[in-house]
Amino acid sequence: MEEIELVLGDITRQRVDVVVTAANESLLGGGGVDGAVHRAAGPRLARAGAELAPCAPGQAVATPAFDLAAVRHVIHTVGPVWEGGGHGEDEVLAACYVHSLRLAAGLGARSIAFPAIATGVYGFPVRRAAEIATRAIRSSSPSVATIRLVAFDRETHDAIAVTLGEDRGRSVP
Ligand code: APR
């Protein structure tokens, strides 16, 4: 079982081959992590995104990382807006991770950093999202060697840490 790294920090500071951003369907950028990634990558990111838009929830598309230092590609994925849990939100969120990993593997990426997709503006409960993310990553048995979850705040970090710890506990024979 591959190790999933967890860090508390800014995803635009990660030295990885691929940075994943939590986008919206227009791929033109926005607030939150998407705003930070677009600011760091520069205006060419939105222009490249506009050529690939719209991106449906659960789907993922890749562009160059442009001015984002030390990063080769940005993968834009659109999370589900939380509507209470009865509208397939879990499946869409899982698809964000699976499709992003599949795309990164196809690009020959050796490392990838994910934000806590959908847990900000889109309102997805943090702990539930962490469980879905770790389960989706593990079930896709990715060929990407380094998978890093980047939490921007302590609450998100601790929710993911608990989930990772529980998962490891379950996985120990
Ligand atoms: N590095 C890492 N994580 C970050 C950063 C950053 N620089 N900035 C914010 N985050 C975290 C948030 O704290 C949250 O935990 O990213 C997580 C996802 O939150 P959002 O960025 O709000 O993303 P999401 O909930 O998926 O909403 C997407 O918001 O910004 C718009 O264009 C975006 O319409 C889309 C929507």
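Only a predicted model underlies this, so the values are computations on that prediction, with no experimental measurement involved. One-based numbering, in listed order, for ligands and for the atoms of each. Sequential numbering from 1 along the given sequence is applied to the chain's residues.
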Atom 7 (N) of ligand 1: nearest protein contact (heavy atom, Å):
D10 OD1, 3.0 Å
Between CG of L164 and NE2 of H157, what distance do you get to the nearest 0.5 Å?
9.0 Å
Any nitrogen or oxygen of V150 lying under 3.5 Å from a nitrogen or oxygen in ligand 1? Just yes or no.
no
Hey, is the main chain of G85 close enough, under 3.5 Å, to the side chain of E89 for a donor-acceptor pair?
yes
Option set V7, V19, L149, V33, criterion heavy-atom distance to atom 16 (O) of ligand 1, minimum
V33
So, regarding G123 and ligand 1 (criterion: nitrogen or oxygen to nitrogen or oxygen, under 3.5 Å), is there a contact or not?
no
I'd like to know if G35 contacts ligand 1, where contact means a heavy-atom distance under 4.0 Å to any ligand atom.
no
Any non-hydrogen side-chain atom of V74 less than 4.5 Å from a side-chain atom of V18?
no
Using a plain distance cutoff, I'd like to know if D34 has any nitrogen or oxygen under 3.5 Å from a nitrogen or oxygen of ligand 1.
yes
Option whose closest heavy atom lies nearest to atom 22 (O) of ligand 1, chosen from V121, T156, T21, D153
V121
More than 12 foreign heavy atoms under 6.0 Å from CZ of R110: is that the case here?
no
Which ligand 1 atoms, with their elements, are less than 4.0 angstrom from a heavy-atom of T119?
14 (C), 15 (O), 17 (C), 25 (O)
One finds that the ligand 1 atoms under 4.0 Å from a non-hydrogen atom of A116 are 15 (O), 17 (C), 18 (C)
H76 versus T63, side-chain donor and acceptor atoms under 3.5 Å:
yes
Would you check whether Y122 has a nitrogen or oxygen atom less than 3.5 angstrom from a nitrogen or oxygen atom of ligand 1?
yes
L68 side, atom CG; I11 side, atom CD1 - distance, nearest 0.5 Å
9.0 Å
Report yes if A118 has an N/O atom closer than 3.5 Å to an N/O atom of ligand 1; otherwise report no.
yes
Can you find an N/O atom of G31 closer than 3.5 Å to an N/O atom of ligand 1?
yes
Hey, does I11 come in under 3.5 Å of ligand 1, counting only N/O atoms on both sides?
yes
heavy-atom search around atom 32 (O) of ligand 1 in the protein gives N24 ND2, 2.8 Å
Residue, atom and distance of the protein heavy atom nearest atom 3 (N) of ligand 1 read F152 CB, 3.5 Å
Does some side-chain heavy atom of Y97 sit less than 4.5 Å from a side-chain heavy atom of R102?
no
Distance under 4.0 Å to a non-hydrogen atom of G30: what atoms of ligand 1 satisfy this?
30 (O), 32 (O)
Among D17, L107, V20, find the one that has a side-chain contact (heavy atoms from CB on, under 4.5 Å) with I112.
V20
For G120, counting its heavy atoms only, list the atoms of ligand 1 lying under 4.0 Å from any of them.
18 (C), 19 (O), 22 (O), 25 (O)
Sub-4.0 Å atoms of ligand 1 with respect to non-hydrogen atoms of G32:
8 (N), 9 (C), 21 (O), 30 (O)
Carboxylate-amine/guanidinium contact E131 R127, below 4.0 Å:
yes
Does the T21 side chain pair with the main chain of A23, one donor and one acceptor, at a distance under 3.5 Å?
no
Give the numbers and elements of all ligand 1 atoms closer than 4.0 Å to a heavy atom of A36.
7 (N)
Side chain to side chain, V19 and I75, heavy atoms closer than 4.5 Å
no
Is there a side-chain contact between Q14 and V7 (heavy atoms, below 4.5 Å)?
yes
With heavy atoms and a 4.0 Å threshold, my read on which part of A23 contacts ligand 1 is backbone
So is T12 close enough to ligand 1, meaning a heavy atom under 4.0 angstrom away?
no
Which bit of A22 is near ligand 1, meaning a heavy atom under 4.0 Å away: side chain, backbone, both or neither?
both
Would you confirm whether H99, through its side chain, and G58, through its main-chain N or O, come within 3.5 Å as a donor-acceptor pair?
yes
